[in-house]
Amino acid sequence: MSETMKQQIELTAADGHKFDAYMAGPAGKPKGGLVVIQEIFGVNPHIRSVCDGFAADGYLCVSPALFDRTERKVELGYDPDGVARGRELRSKVSWEQVMLDMAASVEAASAAGKVGTVGYCWGGSISFLCATRLPVQASVVYYGGQIVPFKDEAANAPLLMHFGEADKGIPLSDVDQIRKAQPQAAIHIYPADHGFNCDARGSYEPTSARIARERTMAFFTQHIG
(Lines give C-alpha, C1' and ligand atoms only; values in the text may rest on other atoms or scores of the structure.)
Protein backbone atom coordinates (compact mmCIF):
# COMPACT_ATOMS: atom_id res chain seq x y z
CA MET A 1 0.00 0.00 0.00
CA SER A 2 1.31 3.44 -0.90
CA GLU A 3 0.36 7.04 -0.28
CA THR A 4 -2.44 8.24 -2.56
CA MET A 5 -3.43 11.56 -4.09
CA LYS A 6 -7.17 12.43 -4.28
CA GLN A 7 -9.10 15.20 -6.03
CA GLN A 8 -12.39 16.10 -7.68
CA ILE A 9 -12.09 16.83 -11.39
CA GLU A 10 -14.45 17.90 -14.17
CA LEU A 11 -14.63 16.04 -17.47
CA THR A 12 -16.41 16.88 -20.74
CA ALA A 13 -18.19 14.30 -22.88
CA ALA A 14 -18.22 14.44 -26.68
CA ASP A 15 -21.68 16.04 -26.67
CA GLY A 16 -20.45 18.91 -24.49
CA HIS A 17 -21.89 17.64 -21.19
CA LYS A 18 -19.63 18.53 -18.26
CA PHE A 19 -19.63 16.19 -15.28
CA ASP A 20 -17.76 15.58 -12.05
CA ALA A 21 -15.41 12.70 -11.38
CA TYR A 22 -13.45 11.53 -8.37
CA MET A 23 -9.79 10.85 -9.11
CA ALA A 24 -7.36 8.97 -6.88
CA GLY A 25 -3.89 7.82 -7.74
CA PRO A 26 -0.53 6.84 -6.29
CA ALA A 27 1.97 9.49 -5.29
CA GLY A 28 4.44 7.95 -7.72
CA LYS A 29 4.14 6.74 -11.32
CA PRO A 30 0.93 4.71 -11.79
CA LYS A 31 0.87 1.19 -13.22
CA GLY A 32 -2.03 2.19 -15.46
CA GLY A 33 -5.51 3.67 -15.35
CA LEU A 34 -8.78 2.31 -13.99
CA VAL A 35 -12.29 3.69 -14.42
CA VAL A 36 -14.30 2.71 -11.33
CA ILE A 37 -18.00 2.70 -12.17
CA GLN A 38 -20.64 3.53 -9.59
CA GLU A 39 -23.66 1.56 -8.46
CA ILE A 40 -27.07 3.30 -8.57
CA PHE A 41 -26.04 5.13 -5.37
CA GLY A 42 -23.73 7.67 -7.00
CA VAL A 43 -20.05 8.30 -6.34
CA ASN A 44 -20.65 7.90 -2.63
CA PRO A 45 -18.17 7.24 0.22
CA HIS A 46 -18.03 3.51 -0.59
CA ILE A 47 -17.16 4.05 -4.27
CA ARG A 48 -14.54 6.62 -3.31
CA SER A 49 -13.04 4.11 -0.88
CA VAL A 50 -12.90 1.52 -3.68
CA CYS A 51 -10.99 4.06 -5.80
CA ASP A 52 -8.65 4.77 -2.90
CA GLY A 53 -7.96 1.06 -2.53
CA PHE A 54 -7.00 0.62 -6.18
CA ALA A 55 -4.95 3.83 -6.02
CA ALA A 56 -3.03 2.44 -3.05
CA ASP A 57 -2.24 -0.56 -5.24
CA GLY A 58 -0.71 1.73 -7.85
CA TYR A 59 -3.47 2.67 -10.30
CA LEU A 60 -4.78 6.07 -11.38
CA CYS A 61 -8.53 5.80 -10.76
CA VAL A 62 -11.30 7.90 -12.26
CA SER A 63 -14.90 7.49 -11.05
CA PRO A 64 -17.41 9.50 -13.12
CA ALA A 65 -20.61 10.89 -11.62
CA LEU A 66 -22.99 9.32 -14.12
CA PHE A 67 -26.12 10.90 -12.66
CA ASP A 68 -24.83 14.43 -13.35
CA ARG A 69 -26.89 14.56 -16.53
CA THR A 70 -30.06 14.71 -14.42
CA GLU A 71 -28.92 15.63 -10.91
CA ARG A 72 -25.52 16.60 -9.56
CA LYS A 73 -23.77 15.65 -6.32
CA VAL A 74 -25.81 12.46 -5.84
CA GLU A 75 -24.65 10.31 -2.93
CA LEU A 76 -27.26 7.82 -1.73
CA GLY A 77 -27.42 5.30 1.09
CA TYR A 78 -28.36 1.62 0.82
CA ASP A 79 -31.75 1.85 2.53
CA PRO A 80 -35.02 1.31 0.59
CA ASP A 81 -35.36 5.06 -0.07
CA GLY A 82 -31.85 5.14 -1.52
CA VAL A 83 -32.57 2.15 -3.74
CA ALA A 84 -35.81 3.69 -5.02
CA ARG A 85 -34.14 7.05 -5.69
CA GLY A 86 -31.18 5.41 -7.42
CA ARG A 87 -33.44 3.41 -9.70
CA GLU A 88 -35.39 6.54 -10.56
CA LEU A 89 -32.21 8.44 -11.46
CA ARG A 90 -30.83 5.53 -13.46
CA SER A 91 -34.02 5.44 -15.56
CA LYS A 92 -33.42 9.05 -16.65
CA VAL A 93 -29.99 8.40 -18.17
CA SER A 94 -29.73 6.53 -21.48
CA TRP A 95 -27.09 3.93 -22.25
CA GLU A 96 -25.85 6.18 -25.06
CA GLN A 97 -25.36 9.10 -22.66
CA VAL A 98 -23.61 6.86 -20.14
CA MET A 99 -21.18 5.61 -22.78
CA LEU A 100 -20.33 9.18 -23.82
CA ASP A 101 -19.38 9.89 -20.21
CA MET A 102 -17.47 6.62 -20.00
CA ALA A 103 -15.49 7.45 -23.15
CA ALA A 104 -14.38 10.74 -21.60
CA SER A 105 -13.48 8.94 -18.37
CA VAL A 106 -11.45 6.28 -20.21
CA GLU A 107 -9.59 9.05 -22.04
CA ALA A 108 -8.78 10.75 -18.73
CA ALA A 109 -7.54 7.51 -17.19
CA SER A 110 -5.40 6.80 -20.26
CA ALA A 111 -2.99 9.50 -19.06
CA ALA A 112 -1.58 6.68 -16.93
CA GLY A 113 -1.19 4.22 -19.84
CA LYS A 114 -3.36 1.16 -20.40
CA VAL A 115 -6.92 1.41 -19.05
CA GLY A 116 -9.18 -1.09 -17.33
CA THR A 117 -12.73 -0.69 -16.09
CA VAL A 118 -14.38 -2.12 -13.00
CA GLY A 119 -18.05 -1.61 -12.20
CA TYR A 120 -20.49 -2.68 -9.54
CA CYS A 121 -24.24 -3.36 -9.94
CA TRP A 122 -25.38 -0.87 -12.64
CA GLY A 123 -21.70 -0.10 -13.13
CA GLY A 124 -21.04 -3.78 -13.76
CA SER A 125 -23.30 -3.72 -16.81
CA ILE A 126 -21.60 -0.50 -17.94
CA SER A 127 -18.17 -2.11 -17.52
CA PHE A 128 -19.30 -4.91 -19.84
CA LEU A 129 -20.28 -2.33 -22.46
CA CYS A 130 -16.89 -0.67 -22.09
CA ALA A 131 -15.30 -3.98 -23.17
CA THR A 132 -17.50 -4.10 -26.27
CA ARG A 133 -17.65 -0.41 -27.22
CA LEU A 134 -14.59 1.46 -25.92
CA PRO A 135 -10.79 1.23 -26.33
CA VAL A 136 -10.01 -0.44 -23.00
CA GLN A 137 -7.55 -3.23 -22.24
CA ALA A 138 -9.57 -5.11 -19.59
CA SER A 139 -13.00 -4.96 -17.95
CA VAL A 140 -14.22 -6.37 -14.64
CA VAL A 141 -17.92 -6.86 -13.92
CA TYR A 142 -19.37 -7.19 -10.42
CA TYR A 143 -22.96 -8.47 -10.52
CA GLY A 144 -24.06 -6.53 -13.59
CA GLY A 145 -27.76 -7.26 -13.93
CA GLN A 146 -28.48 -5.66 -17.31
CA ILE A 147 -25.96 -7.49 -19.48
CA VAL A 148 -28.29 -10.05 -21.09
CA PRO A 149 -29.79 -7.63 -23.67
CA PHE A 150 -26.23 -6.82 -24.81
CA LYS A 151 -24.69 -10.27 -24.31
CA ASP A 152 -24.04 -10.90 -28.01
CA GLU A 153 -21.91 -7.78 -28.51
CA ALA A 154 -18.33 -8.74 -29.36
CA ALA A 155 -15.83 -7.97 -26.61
CA ASN A 156 -12.68 -6.11 -27.66
CA ALA A 157 -11.03 -6.62 -24.26
CA PRO A 158 -10.63 -9.48 -21.77
CA LEU A 159 -13.56 -9.83 -19.36
CA LEU A 160 -13.66 -10.98 -15.74
CA MET A 161 -17.09 -11.34 -14.09
CA HIS A 162 -18.20 -11.92 -10.50
CA PHE A 163 -21.74 -13.02 -9.57
CA GLY A 164 -23.44 -14.16 -6.36
CA GLU A 165 -25.41 -17.39 -6.46
CA ALA A 166 -28.04 -15.98 -4.06
CA ASP A 167 -28.58 -12.82 -6.15
CA LYS A 168 -32.35 -12.75 -6.80
CA GLY A 169 -31.94 -9.98 -9.38
CA ILE A 170 -29.50 -11.97 -11.53
CA PRO A 171 -30.63 -15.60 -11.79
CA LEU A 172 -27.98 -18.16 -12.64
CA SER A 173 -29.85 -18.74 -15.89
CA ASP A 174 -28.84 -15.20 -16.88
CA VAL A 175 -25.22 -15.97 -15.98
CA ASP A 176 -25.41 -19.10 -18.15
CA GLN A 177 -26.66 -17.01 -21.08
CA ILE A 178 -23.74 -14.63 -20.65
CA ARG A 179 -21.30 -17.53 -20.37
CA LYS A 180 -22.56 -19.04 -23.64
CA ALA A 181 -22.44 -15.69 -25.46
CA GLN A 182 -18.99 -14.74 -24.06
CA PRO A 183 -17.10 -18.06 -23.83
CA GLN A 184 -13.76 -16.26 -23.53
CA ALA A 185 -14.82 -14.41 -20.35
CA ALA A 186 -13.65 -15.61 -16.92
CA ILE A 187 -16.86 -15.94 -14.88
CA HIS A 188 -16.90 -16.77 -11.16
CA ILE A 189 -19.89 -17.57 -8.94
CA TYR A 190 -19.69 -16.88 -5.20
CA PRO A 191 -21.77 -18.13 -2.22
CA ALA A 192 -23.12 -14.60 -1.79
CA ASP A 193 -25.93 -12.18 -2.59
CA HIS A 194 -26.07 -9.06 -4.77
CA GLY A 195 -23.72 -6.32 -3.57
CA PHE A 196 -21.41 -8.74 -1.75
CA ASN A 197 -18.38 -6.51 -2.34
CA CYS A 198 -19.84 -3.48 -0.54
CA ASP A 199 -19.00 -3.36 3.18
CA ALA A 200 -21.73 -0.72 3.68
CA ARG A 201 -24.49 -3.13 2.66
CA GLY A 202 -26.19 -5.88 4.62
CA SER A 203 -25.35 -8.29 1.79
CA TYR A 204 -21.59 -7.80 2.28
CA GLU A 205 -19.77 -11.14 2.25
CA PRO A 206 -16.16 -10.57 3.26
CA THR A 207 -14.67 -13.87 2.08
CA SER A 208 -16.26 -13.61 -1.37
CA ALA A 209 -15.27 -9.93 -1.57
CA ARG A 210 -11.64 -10.77 -0.73
CA ILE A 211 -11.40 -13.61 -3.25
CA ALA A 212 -13.07 -11.52 -5.97
CA ARG A 213 -10.69 -8.63 -5.35
CA GLU A 214 -7.65 -10.93 -5.46
CA ARG A 215 -8.83 -12.25 -8.81
CA THR A 216 -9.49 -8.69 -10.00
CA MET A 217 -6.02 -7.54 -9.01
CA ALA A 218 -4.38 -10.51 -10.75
CA PHE A 219 -6.43 -9.76 -13.86
CA PHE A 220 -5.42 -6.09 -13.89
CA THR A 221 -1.79 -6.98 -13.22
CA GLN A 222 -1.89 -9.27 -16.27
CA HIS A 223 -3.62 -6.88 -18.68
CA ILE A 224 -2.89 -3.35 -17.37
CA GLY A 225 0.39 -3.61 -15.48
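Values in this document were obtained by computation on a predicted structure and should not be read as measured data. One is the number of the first residue; the rest follow in order along the sequence.
- Asn44 and Tyr78 form a side-chain donor-acceptor contact under 3.5 Å, judged by distance and modelled atom types alone.
- The hydrophobic clustering, which links ILVMFWY residues whose side-chain heavy atoms are closer than 4.5 Å, places Val74 and Val62 apart.
- You'll find the side chain of Lys6 reaches within 4.5 Å of the side chain of Asp52, heavy atoms only.
- Counted within 6.0 Å of CD on Glu107, heavy atoms from surrounding residues, nucleotides or ligands total 12 or fewer; the atom is thus considered open.
- The pair Arg213-Asp57 counts as a salt bridge, with a side-chain nitrogen and a carboxylate oxygen less than 4.0 angstrom apart.
- The closest donor-acceptor contact from the side chain of Thr12 to the backbone of Lys18 lies at 3.5 Å or more, if one exists at all.
- Between the side chains of Gln7 and Tyr22, no donor-acceptor pair is found at a separation under 3.5 Å.
- Both tests do not hold together for Arg215 against Phe220: distance to the six-membered ring centre under 6.0 Å, angle to the ring axis within 45°.
- Partners of Ala112 by side chain to side chain contact (heavy atoms under 4.5 Å, CB included), not counting sequence neighbours, listed by chain and number: Pro30, Leu60.
- No donor-acceptor distance shorter than 3.5 angstrom exists from the side chain of Tyr120 to the backbone of Ile40, with no hydrogens or angles considered.
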Per-pair distances, 0.1 Å, donor-acceptor, side chain in residues 160-183, under 3.5 Å, sequence neighbours excluded:
residue	atom	partner	partner atom	Å
His162	ND1	Tyr190	OH	2.8
His162	NE2	Thr216	OG1	3.0
Asp167	OD1	Gly169	N	2.9
Asp167	OD1	Ile170	N	3.3
Asp167	OD2	His194	ND1	2.7
Gln182	OE1	Gln184	NE2	2.8
Gln182	NE2	Lys151	O	2.7
Gln182	NE2	Glu153	O	2.7

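- In this structure, the side chain of Ser63 engages the main chain of Val36 through a donor-acceptor pair within 3.5 Å.
- Residues satisfying the side chain to side chain contact (heavy atoms under 4.5 Å, CB included) criterion with Asp199, sequence neighbours excluded, are His46, Tyr204.
- Cation-pi geometry between Arg133 and Phe150 is satisfied (NZ or CZ under 6.0 Å from the ring centre, within 45° of the ring normal).
- For Arg87, the CZ atom counts as loosely surrounded, since its 6.0 Å shell holds 12 or fewer non-hydrogen atoms of other residues, nucleotides or ligands.
- A single hydrophobic cluster is not seen to contain both Met5 and Ile9; linkage of ILVMFWY side chains at heavy-atom distances under 4.5 Å, directly or through other members, places them apart.
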